[in-house]
There are 2 protein chains.
Amino acid sequence: METPVAPTSAGVAVVVVLGFDGSDLLTVLAPSREATTTGLWRFPEGSIDGHTHATEAAYAALEQLGAPKPPHLEPLSSTESPGSNPADHVVSLGHLGLMTLLPQIGPRSYVQPNAAGAYTSGQNPRWRWQPVDSVPLLAKNHARVLEYVRTWIRTQLPYSKRCLELLPNRFTWGQLQRAHETVLGCELEKRNFRKRFQHTDLIRPRNEVYIAGAHRPAQLFEPAPASPS
Amino acid sequence: METPVAPTSAGVAVVVVLGFDGSDLLTVLAPSREATTTGLWRFPEGSIDGHTHATEAAYAALEQLGAPKPPHLEPLSSTESPGSNPADHVVSLGHLGLMTLLPQIGPRSYVQPNAAGAYTSGQNPRWRWQPVDSVPLLAKNHARVLEYVRTWIRTQLPYSKRCLELLPNRFTWGQLQRAHETVLGCELEKRNFRKRFQHTDLIRPRNEVYIAGAHRPAQLFEPAPASPS
DNA sequence: GCAAAAGTGTTCAGATTACACCCATGG
DNA sequence: CCATGGGTGTAATCTGAACACTTTTGC
C-alpha cells in the first residue's frame with residue numbers, strides 16, 4: 001500500500017471493558033465491520049491519531065459505539081499484530097476498564113439482586129455484553145489480548161484496590177466475595193476470605209445494612225479513603 | 001512541524017539492555033544527539049517503520065550503535081511520551097534484554113573473578129555501560145521506562161528462568177545468589193536461597209567444579225532443559 | 001594455621017487452610 | 001418453623017525466616 005500523503009497511524013487503542021453483574025464477568029464486544037473478518041467480534045478500538053493520549057482514544061472508541069465507559073482505564077502491556085508486513089504494521093495499545101453492573105445501594109434500601117440479561121444495546125447492536133467465559137471468535141489479535149486480560153485479573157485484581165471497581169459504592173461481604181470467586185474462578189472460604197481482605201485495609205464499614213430478601217441484613221462497606229491521615 | 005509527506009512513525013522501539021558483571025547491574029546508555037536534550041543520555045531506540053516487529057527494530061537500534069546484543073528481548077509494557085501533542089505523538093514500545101558480563105567458564109578452569117571497568121566502547125563512545133543505580137539524567141520518558149524496568153526485575157526476575165540469562169552457561173551457587181542479591185537489592189541467606197531455588201528445578205549440577213582462588217572449589221551448574229521428559 | 005568462600009539441617013513464627021455453629025430475616 | 005444467607009473463632013498445616021558449624025583450598 002503506497003499512501004504517502006495519509007500518515008501511518010501512530011497506533012491503535014484497544015479497550016477491554018469488564019463488568020461484574022453479581023455472578024459473571026462480562027465484556028463489551030463489537031461486531032467486526034471489516035471485510036476480512038465479518039462474523040467475528042472485536043473489542044472496541046480506535047486510532048490514536050488526533051489524541052494526546054491513548055487513554056483518550058480508548059474512551060473515544062467507547063463513546064462512538066455508545067458503549068458504557070468505566071471510570072478508570074488501566075494501560076495494558078502492548079501487543080502487536082503478529083505477521084503483519086512492515087507497510088501496514090500496527091502497534092496496538094491495550095486498556096482495561098472495570099465497572100459494576102450491580103445497582104447502587106442506598107441506605108435502608110431493599111434492592112433486589114440484579115437479574116442477568118438485557119445487556120445489549122438494541123436489535124442490531126453496535127456492542128453487547130458477553131460473558132468472558134464464552135466469548136465468540138475474535139478478530140485480529142484480540143484473542144491474545146483477552147488471554148492477557150484473563151491472566152491479569154486472576155493475578156493482579158484479587159485483594160487489590162482495583163477490585164472494588166467491580167462493585168457499587170456500597171457493598172456487602174457477600175458481594176465482595178462473589179466478585180473474587182468470579183475473578184479467581186474458584187470458591188473461597190467465607191471466614192478466610194474476610195480475614196485476608198481485612199488485612200488490606202481497603203474497605204471500611206458503614207453504619208448501614210442491606211436487606212435483600214428473607215435473610216439476615218448484611219453490613220454495608222465502602223472503599224476506604226486513599227491514605228489514612 | 002508540518003511534514004505531510006513523511007508518514008508519522010508507527011512507533012519507536014526502546015531497548016533496555018541489562019548486564020550483570022558479578023556485582024552490579026549495568027545498562028547500555030547512548031548520549032542523546034537531539035538538540036533539545038544535549039547532555040542527556042537515553043536508551044537505544046529506533047523507529048519501527050520498515051520492520052515487521054518491534055523486536056527487530058530494537059535489535060537494529062543496538063546494531064547501529066555497535067552496542068552488545070542480548071540473546072533475548074522481552075517486550076515491556078508500552079509507554080507514551082507524556083505531554084506530547086497529537087501531531088508528534090509517539091508510541092514507544094519497550095524491550096528488555098538480559099546478558100552476562102561474566103566470563104564463560106569451562107571445565108577445570110581457574111578463571112579469575114571478572115574485574116569491573118572498561119565497559120565503554122571507546123573515547124567518544126556511542127554507548128556505554130552504566131550501573132543502573134547511578135544512571136544520569138535521561139531524555140524523554142526514559143526515566144520512567146527505567147523505573148518500570150526496576151520494578152520488573154525486582155518482581156519478575158528472581159527465581160525465574162530468565163534470571164539465568166544474567167549468568168554464563170555454567171555458574172556457581174555463589175554467582176546465582178549474588179545475581180539475585182543485586183537484582184533484589186538486599187542480602188539473602190545462603191541456605192534459604194538454595195532451598196528455594198532448588199524448588200524451581202531451573203538448574204542442574206554438572207560434574208565439574210570451579211576454582212577461583214584460595215577457596216574450596218564450587219560445584220558448577222547449568223540451566224536445566226526446558227521440559228523434563 | 002589462617003583467611004575465605006563452599007556446603008549442609010533444624011527451629012520458630014507467621015500465614016494459610018480447614019472446619020461447625022448460631023443469628024436475623026421473610027415468607 | 002423453616003429456608004437462606006450473614007456472621008464469628010480455633011486448631012492444624014505449610015511456608016518463609018533465622019541461625020552455627022564444618023569443609024576445602026591457596027597462601
Side-chain angles (χ1 to χ4, degrees), chain A residues 22-23 102-103 105 107-115 155 158-159 167-168 170-182 184-201 203-222, chain B residues 22-23 102 105 107-115 154-155 158-160 167 170-182 184-201 203-222:
Chain A
S23 59
L102 290 164
I105 299 175
R108 298 189 321 277
S109 48
Y110 286 71
V111 182
Q112 294 301 317
N114 192 48
T155 59
Y159 307 99
L167 295 174
R170 303 187 188 165
F171 51 87
T172 66
W173 272 122
Q175 290 176 321
L176 185 58
Q177 181 172 344
R178 277 185 291 276
H180 278 74
E181 289 174 334
T182 306
L184 290 165
C186 64
E187 305 215 322
L188 297 171
E189 212 282 327
K190 187 167 40 168
R191 280 163 294 187
N192 296 337
F193 171 73
R194 297 186 185 191
K195 205 189 312 175
R196 178 163 174 189
F197 205 97
Q198 266 165 342
H199 289 154
T200 67
D201 274 328
I203 63 175
R204 66 178 184 192
R206 293 192 52 89
N207 284 331
E208 305 170 29
V209 293
Y210 172 62
I211 301 173
H215 314 303
R216 175 172 173 177
Q219 176 79 237
L220 279 174
F221 292 81
E222 65 185 354
Chain B
S23 58
L102 290 164
I105 298 175
R108 296 190 321 280
S109 49
Y110 286 70
V111 183
Q112 294 302 318
N114 193 48
R154 229 177 338 101
T155 59
Y159 307 99
S160 80
L167 295 174
R170 303 187 187 163
F171 51 87
T172 66
W173 272 122
Q175 290 176 322
L176 185 58
Q177 182 173 343
R178 277 186 292 277
H180 278 74
E181 288 174 334
T182 305
L184 290 165
C186 64
E187 304 216 323
L188 297 171
E189 213 282 324
K190 188 165 44 169
R191 282 162 294 187
N192 293 337
F193 171 73
R194 298 186 183 190
K195 205 189 310 174
R196 179 164 174 192
F197 205 98
Q198 266 166 342
H199 289 153
T200 65
D201 274 328
I203 63 175
R204 66 177 182 190
R206 294 194 49 92
N207 284 333
E208 304 170 34
V209 293
Y210 171 62
I211 302 172
H215 313 304
R216 174 171 173 176
Q219 176 79 236
L220 279 174
F221 291 82
E222 64 184 357

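Keep in mind that the numbers below use all heavy atoms, side chains included, and drop hydrogens, waters and symmetry copies. A note on names: the letters A, B, ... follow the listed sequences, proteins ahead of strands, and every chain is numbered from 1.
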* Asked: For R191(A), what residues pass the side chain to side chain donor-acceptor pair (under 3.5 Å) criterion, not counting sequence neighbours?
  -> E189(A)

* To the nearest Å, give me how far apart CG (L176(A)) and P (dG6(D)) are. => 12 Å

* Could you give the CZ-to-P distance, from F221(B) to dA6(C), as a whole number of Å? -> 11 Å

* With sequence neighbours left out, write down each residue that passes side chain to side chain donor-acceptor pair (under 3.5 Å) with R204(B), or none if nothing qualifies. => E222(B)

* To do: For the residue pair H180(A) and Y159(A), categorise the inter-ring angle as parallel (less than 30°), tilted (30 to 60°) or perpendicular (more than 60°).
  => tilted

* To do: Hey, could you give me the CD/CZ distance between Q219(B) and R206(B), rounded to the nearest 0.5 Å?
  => 10.0 Å

* To do: In whole angstrom, give the distance that lies between atom CD1 of I211(A) and atom P of dG27(C).
  => 11 Å

* Asked: So, does the side chain of K195(A) form a donor-acceptor pair with the base of dT8(D) at under 3.5 Å?
  -> no

* Mind calculating the distance between OH (Y210(B)) and C1' (dG7(C)) to the nearest angstrom? => 17 Å

* Asked: What pairs with F221(B) under ring-ring contact (aromatic ring centres under 6.0 Å, His included), at least two apart in sequence or on another chain?
  -> W173(B)

* Structure fact -> Closest non-hydrogen atoms of S23(B) and T182(B), given as atom of the first, atom of the second and distance, are O-OG1, 3.7 Å

* **5' precedence on DNA chain D between R196(B) and R216(A) (nearest-nucleotide basis)** => R216(A)

* Contacts to DNA chain C from residues 184-192 of chain B, heavy-atom cutoff under 4.0 Å, which residues? -> K190(B), R191(B)

* **Residue list, side chain to side chain contact (heavy atoms under 4.5 Å, CB included) with K195(B), at least two apart or on another chain** => N192(B)

* **Distance-only donor-acceptor test (3.5 Å): side chain H215(A), base dT4(D)** => yes

* **Evaluation steps, side chain to side chain contact (heavy atoms under 4.5 Å, CB included), between F171(A) and I203(A)** => CA-CA 10 Å; F171(A) 51 87; I203(A) 63 175; 3.5 Å; yes

* Asked: Step by step, would you call L220(B) with T172(B) a side chain to side chain contact (heavy atoms under 4.5 Å, CB included)?
  -> CA-CA 5 Å; L220(B) 279 174; T172(B) 66; 3.8 Å; yes

* Structure fact -> When G174(B) and H199(A) are each assigned the nearest nucleotide of DNA chain C, the 5'-most assignment goes to G174(B)

* Take atom CD of Q219(A) and atom P of dA24(C), then tell me their distance rounded to the nearest Å. => 14 Å

* Asked: Whole Å only: how far is the CZ atom of R194(B) from the P atom of dG9(C)?
  -> 12 Å

* Asked: When the distance from CG of L220(A) to P of dG6(D) is rounded to whole Å, what number comes out?
  -> 12 Å

Under 3.5 Å between N/O atoms: give me all the protein pairs with nucleotides 13-15 of chain C, atom names plus distance.
none

* Asked: Expressed in angstrom and rounded to an integer, what is the separation of F193(B) atom CZ from dA18(D) atom P?
  -> 16 Å

